[in-house]
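Notes for the one structure printed next.
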Amino acid sequence: MSVTLDQFFNHRPTTEISRDLLGKRFSYRGASAWITETEAYVGAKDQAAHGYQNHKAKWNRALFMAPGTIYVFTMYGSNLLNFITQPVGNPQGVLIRGVQPASGIKLMEQRRHKKGFNLTNGPGKLCTAMGINLSINTQSLAKSQLHLDLVDNAKHPERIATSGRIGVPHKGKWTTAPLRYYVAGNPYVSKMPKSKMNLKTYGWK
DNA sequence: CACTGGATGCCCT
DNA sequence: GGGCATCCAGTGA
């Protein structure tokens, strides 16, 4: 059963794609990691989204490109990684908020100057650990050195938990809508309390 | 663990 | 100059 980028990103709601990305592995610059936490940003009507009211600017142009496009932007000095999920002109995407290191952990520790779960349990942290910066913004996953593996090497969540999105205050239903998805119990999820971590299975089947 | 405030790099949303 | 889909260290419990 092989899945193409087009099948994965181009024919389904962004929310469904966000859930399905949990457990997928991607690799880049000598390291690889499994996705543990995502957030859906659902386009022109979404007050929390960069594409709200179809706002276009140089910095967010990747949002309006083809499904499977990489969207990286910088804030507070951190880079944040997203994948675009709808046809050209429909500015929806998935923010990658957490990953579990799979290989190249030493390299990640050097880039982060940290060890442990802190290595990759946040959207800015994982970009630092993986060496991701603006240089791959607007690239297609089909052609990028950042390789998302939709076929092999995936893990499968025992349970997917949801919550409102992080860092989206005072936006009414867009603050509370359950558009954040994470692997329940996985320690490489942002703001995961120790008491809820499952250190035996990390939340995988 | 919950909450806080300051630092931070881009871009002008 | 201000805003931001963040990070970190410090505090108090």
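We name chains A, B, ... by the order of the sequence lines, and we start the count at 1 in each one. These numbers were taken from a predicted model, which means no experiment stands behind them.
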_Sidechain-backbone polar pair: Asn60(A) side chain, His50(A) backbone, donor-acceptor under 3.5 Å_ = yes

*asked:* Please report the interatomic distance OG1(Thr138(A)) to CD1(Ile84(A)), rounded to the nearest 0.5 Å.
replied: 10.5 Å

*asked:* Nearest whole Å is fine: how far is dT6(C) C1' from Arg97(A) CZ?
replied: 9 Å

*Starting from the 5' end of DNA chain C, give me the residue, Thr74(A) or Lys114(A), whose nearest nucleotide shows up first.*
Thr74(A)

_Any strand counts, and the cut-off is 3.5 Å on both contacts for Watson-Crick or G-U wobble. Which nucleotide pairs with dG12(C)?_
dC1(B)

*Counting any heavy atom closer than 4.0 Å, what does Tyr52(A) reach on the DNA or RNA strands: base, sugar-phosphate only, or nothing?*
nothing

*asked:* Using whole Å, what does the distance between atom C1' of nucleotide dA5(C) and atom CZ of Arg180(A) come to?
replied: 12 Å

*Interatomic distance, Trp59(A) CH2 vs dG3(C) P [rounded to whole Å]*: 15 Å

*For Val72(A), does its backbone N or O pair with a side-chain atom of Asn137(A) as donor and acceptor, under 3.5 Å?*
yes

*Just wondering, more than 12 heavy atoms not from Lys45(A) lying within 6.0 Å of its NZ?*
yes

*Nucleotide forming a Watson-Crick or wobble pair with dT6(C), both distances under 3.5 Å*: dA7(B)

*Nearest whole angstrom, please: distance from the P of dC4(C) to the CG of Asn79(A).*
19 Å

_Please classify the nucleic acid contact of Lys125(A) as base, sugar-phosphate, or nothing, using heavy-atom distances under 4.0 Å._
sugar-phosphate

_Polar side-chain atom of Arg180(A) near backbone of Arg165(A) as donor-acceptor pair, under 3.5 Å_ = no

*About how many Å separate CE of Met130(A) and CG of Leu107(A), when rounded to the nearest 0.5 Å?*
9.0 Å

*For Tyr76(A) and dC7(C), are the ring centres under 5.5 Å apart with planes inclined under 30°?*
no

*State yes or no: are the ring centers of Tyr28(A) and Phe26(A) separated by less than 6.0 Å?*
no

*Sugar-phosphate, base or nothing in reach of Asn82(A), heavy atoms under 4.0 Å*: base

*Would you call Arg97(A)-Glu39(A) a salt bridge at under 4.0 Å N-O?*
yes

_d(NE2, His50(A); P, dG3(C)) in whole Å_ = 15 Å

*Could you list by number each residue of residues 17-24 of chain A showing a heavy-atom separation from DNA chain B of less than 4.0 Å, or answer none if no residue does?*
none

_Salt bridge Lys24(A)-Asp152(A), side-chain N to carboxylate O under 4.0 Å_ = no

*Covered region of DNA chain B, 5' end to 3' end, by chain A [heavy atoms, under 4.0 Å]*: dC1(B) to dT13(B)

*Are OP1 or OP2 of dC8(C) and a side-chain N or O of Arg112(A) less than 4.0 angstrom apart?*
yes

_Can you measure Asn118(A) atom CG to dC8(C) atom P for me and round it to whole angstrom units?_
6 Å

_Residues Glu109(A) and Lys114(A) bridged, charged N to O under 4.0 Å_ = no

*Between atom OH in Tyr71(A) and atom P in dC4(C), what is the gap in whole Å?*
14 Å

*Nearest-Å distance, NE2 (His113(A)) to C1' (dC8(C))?*
14 Å

